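See below for the structure under consideration.
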Amino acid sequence: MKIEGKEYRTIWFENNVVKIIDQTKLPHQFIIKDLKTVNDAINAIKLMEVRGAPLIGATAAYGLVLAIIENNDQSFLNKSAEKLIGSRPTAINLKWAVDRMMNILSGINSEKILDVALNEAKEICEEDINFCENIGLNGLKIIEEIYNKKKDTVNILTHCNAGWLATINWGTATSPIYHAHKKGIPVHVWADETRPRNQGANLTSYELNEEGIKNTIIADNTGGILMQRGQVDMCIVGTDRTLSNGDVCNKVGTYLKALAAKDNNIPFYVALPSSTIDWKIKNSKDIPIEERSSDELSKIEGVDEDGKVKKVKIYPNKSKAMNLAFDVTPAKYITGLITEKGICEASEKGLKNLFK
Ligand code: MRU
């Protein structure tokens with residue numbers, strides 16, 4: 001998708017270096033950063049310079065490529081794989097991508113291993129783009145249906161950033177929106193600010209602006225009243241881990257939006273590539289929920305009147321703060337899962353029908 005009119009992907013490989021858009025600097029600065037070592041990749045994931053389930057999976061895959069360039073040795077590769085999987089706990093894509101890479105690399109000799117790794121990392125990215133595009137085409141049908149009934153702008157609420165910046169291109173939750181916009185359907189997005197890191201404001205609104213899609217940032221607690229007032233036609237969110245029973249783990253606050261949507265009879269969809277499905281964990285209580293530093297809550301970054309980026313503390317010095325990064329939305333609140341293979345019920349039966 002575009003930034004200042006130029007097409008970008010979120011990650012690419014050039015001259016033995018992995019290039020990323022540093023998302024901690026957006027929206028005030030657009031900086032392309034080089035990742036040269038596997039530790040650079042691990043830190044980029046931990047610090048959320050790259051974030052979003054599909055993108056951290058792709059970064060982990062490229063992290064293994066960097067590990068091979070650094071030190072073409074099996075035990076270094078194994079340790080790197082472990083560290084990459086541990087760099088963030090909740091999104092299943094990290095483990096999915098590392099396992100996929102390690103499987104394909106097993107038994108490959110050291111002369112060929114770099115080429116094989118690089119091809120597979122690129123393939124993971126291409127596949128994600130293809131999946132996200134298909135999610136868009138499938139989700140477009142829902143938006144079209146609403147538009148055909150309403151004959152007016154379709155208002156869509158989304159949480160966090162499940163946009164192209166969270167994937168390689170297109171996004172998951174945003175892909176149906178981009179496809180609707182391309183088709184000439186008038187859409188408007190309510191972008192939940194998404195405290196504490198403000199991915200909705202800093203990333204979703206930013207990327208929609210760059211593509212010319214109307215959007216309004218709202219405080220996280222505003223969705224409910226907008227739904228009661230009939231100003232939301234549908235919700236679409238992403239997911240970091242989707243259980244086979246249809247429960248969805250996504251950015252904290254997603255659950256509350258799903259409850260409000262249910263109470264107001266508003267369709268609540270989750271968009272996902274199959275790489276976020278966890279077929280093993282059966283009970284959502286077993287999902288590892290990331291707890292991040294409370295500094296992310298108590299300090300906030302912005303631009304001062306002179307255009308300088310500054311971080312300021314906003315909480316009382318003596319107050320404690322807690323920063324859980326994800327929550328689980330039970331399948332019963334989800335209208336449907338929009339996947340690359342089609343739309344299904346959020347249930348074991350629904351998912352198994354699509355993914356035999
Ligand atoms: O903590 P983040 O910014 O990595 O969280 C991202 C989300 O919760 C997204 O909604 C999710 O990864 C889906 S991305 C297509």
Side-chain angles (χ1 to χ4, degrees), residues 45-46 48 51-57 60 81-100 102-103 131 135 158-160 162 166-167 172-173 192 194 196-197 199 220 235-263 267-293 322-356:
I45 297 169
K46 281 188 176 161
M48 293 177 66
R51 28 71 48 207
L55 179 55
I56 60 177
E82 251 172 62
K83 282 201 217 161
L84 282 161
I85 291 176
S87 55
R88 283 191 79 189
T90 302
I92 185 82
N93 299 60
L94 262 184
K95 184 168 161 39
W96 169 87
V98 170
D99 286 351
R100 173 164 162 174
M102 293 305 275
N103 274 341
F131 284 0
I135 288 168
T158 190
H159 191 67
C160 193
T167 63
T172 58
D192 277 353
T194 318
R197 292 187 67 104
Q199 291 96 325
D220 291 325
C235 304
I236 319 181
V237 300
T239 160
D240 287 81
R241 200 183 280 245
T242 313
L243 299 196
S244 57
N245 66 4
D247 288 354
V248 159
C249 181
N250 190 48
K251 181 55 55 193
V252 70
T254 303
Y255 169 53
L256 291 176
K257 293 302 136 64
L259 287 179
K262 185 80 174 177
D263 191 45
F268 189 94
Y269 285 95
V270 180
L272 61 123
S274 48
S275 53
T276 70
I277 305 174
D278 181 339
W279 296 102
K280 282 200 185 126
I281 289 186
K282 299 287 172 209
N283 188 332
S284 61
K285 290 199 174 81
D286 296 330
I287 299 175
I289 301 285
E290 180 176 19
E291 183 169 351
R292 295 185 62 87
S293 163
M322 188 204 205
N323 184 12
L324 290 178
F326 297 94
D327 63 21
V328 176
T329 301
K332 63 181 173 186
Y333 298 119
I334 299 168
T335 311
L337 302 174
I338 309 171
T339 78
E340 74 268 15
K341 289 210 175 171
I343 300 166
C344 70
E345 191 184 84
S347 68
E348 181 132 23
K349 195 171 148 223
L351 278 168
K352 285 204 169 146
N353 262 343
L354 285 185
F355 302 97
K356 303 267 188 291

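Values below: every heavy atom of this structure, side chains too, minus hydrogens, waters and symmetry copies. Keep in mind that this is a model prediction, so the values were computed, not measured.
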Is there side-chain contact between Cys344 and Asn353, with at least one heavy-atom pair below 4.5 Å?
no
Do the non-hydrogen side-chain atoms of Asn245 and Lys282 ever get within less than 4.5 Å of each other?
no
Closest heavy-atom contact between Ser244 and Trp279?
CB-CE3, 3.7 Å
Return the minimal non-hydrogen interatomic distance between Ala53 and Thr276, and the atom names on each side.
CB-CG2, 4.3 Å
With side chains defined as the heavy atoms from C-beta onward, is the minimum distance between Thr242 and Val270 less than 4.5 Å?
no
Rounded to the nearest 0.5 Å, the CD1 atom of Ile287 sits from the CG atom of Asp247 at a distance of 7.0 Å
In sequence, state the C-alpha distance, the side-chain angles, and the governing distance for Ile56 and Leu94, and then conclude on side chain to side chain contact (heavy atoms under 4.5 Å, CB included).
CA-CA 6 Å; Ile56 60 177; Leu94 262 184; 4.0 Å; yes
Can you measure from NZ (Lys251) to CD (Gln199) and round to the nearest 0.5 angstrom?
5.0 Å
Mind checking the CG-CG spacing from Asp240 to Asn93? Nearest 0.5 Å is all I need.
7.5 Å
Heavy-atom distance under 4.5 Å between the side chains of Asp278 and Trp96, does that happen here?
no
Heavy-atom side-chain proximity of Ile135 to Pro273 below 4.5 angstrom:
yes
Could you please spell out the steps behind the side chain to side chain contact (heavy atoms under 4.5 Å, CB included) verdict for Arg197 and Arg292?
CA-CA 11 Å; Arg197 292 187 67 104; Arg292 295 185 62 87; 3.5 Å; yes
Quick one: side-chain contact (heavy atoms from CB on, under 4.5 Å) partners of Ser274, sequence neighbours excluded?
Phe131, Ile277, Glu340, Phe355
Could you list all the side chain to side chain donor-acceptor pair (under 3.5 Å) pairs where at least one residue sits in residues 82-91, not counting sequence neighbours?
Arg88-Glu290
Nearest-0.5 Å distance, CD1 of residue Ile334 to OH of residue Tyr269
12.0 Å
Where Ala346 and Ala331 come nearest, the two heavy atoms and their spacing
O-CB, 3.2 Å
Should Thr167 and Leu55 count as side-chain neighbours, where that means a heavy-atom distance under 4.5 Å?
no
Residue pair Val237 / Cys160, side-chain heavy-atom distance below 4.5 Å
no
Please report the C-alpha distance between Thr329 and Asn250 in whole Å, then the side-chain angles of each, then the deciding distance to 0.1 Å, and finally whether the side chain to side chain contact (heavy atoms under 4.5 Å, CB included) criterion is met.
CA-CA 8 Å; Thr329 301; Asn250 190 48; 6.0 Å; no
Mind running side chain to side chain contact (heavy atoms under 4.5 Å, CB included) on Thr239 and Phe326 for me, showing each step along the way?
CA-CA 10 Å; Thr239 160; Phe326 297 94; over 6 Å; no
Kindly compute the distance separating CZ (Phe268) from CG (Leu259), expressed to the nearest 0.5 Å.
9.0 Å
Scanning both residues in full, the closest heavy-atom pair of Ala97 with Gly57 reads CB-O, 3.2 Å
When rounded to the nearest 0.5 angstrom, what distance separates NE2 in His159 from CD1 in Ile236?
15.0 Å
Quick check: closest heavy atoms across Thr194 and Asp220, and the distance to 0.1 Å?
N-OD1, 2.6 Å
Among Asp327, Asp192, Asp263, salt bridge (charged side-chain N to carboxylate O under 4.0 Å, His left out) partner for Lys257:
Asp192
Testing the basics here: between Gly238 and Val248, what is the closest heavy-atom pair and its distance to 0.1 Å?
O-CG1, 4.2 Å
Under the salt bridge (Lys or Arg N to Asp or Glu O under 4.0 Å) test, residues paired with Lys352 that sit two or more places apart:
Glu348
Report, as yes or no, whether the 6.0 Å neighbourhood of atom NZ on Lys332 holds more than 12 heavy atoms from other residues, nucleotides or ligands.
no
Side chains of Arg241 and Pro288: closer than 4.5 Å at any heavy-atom pair?
yes
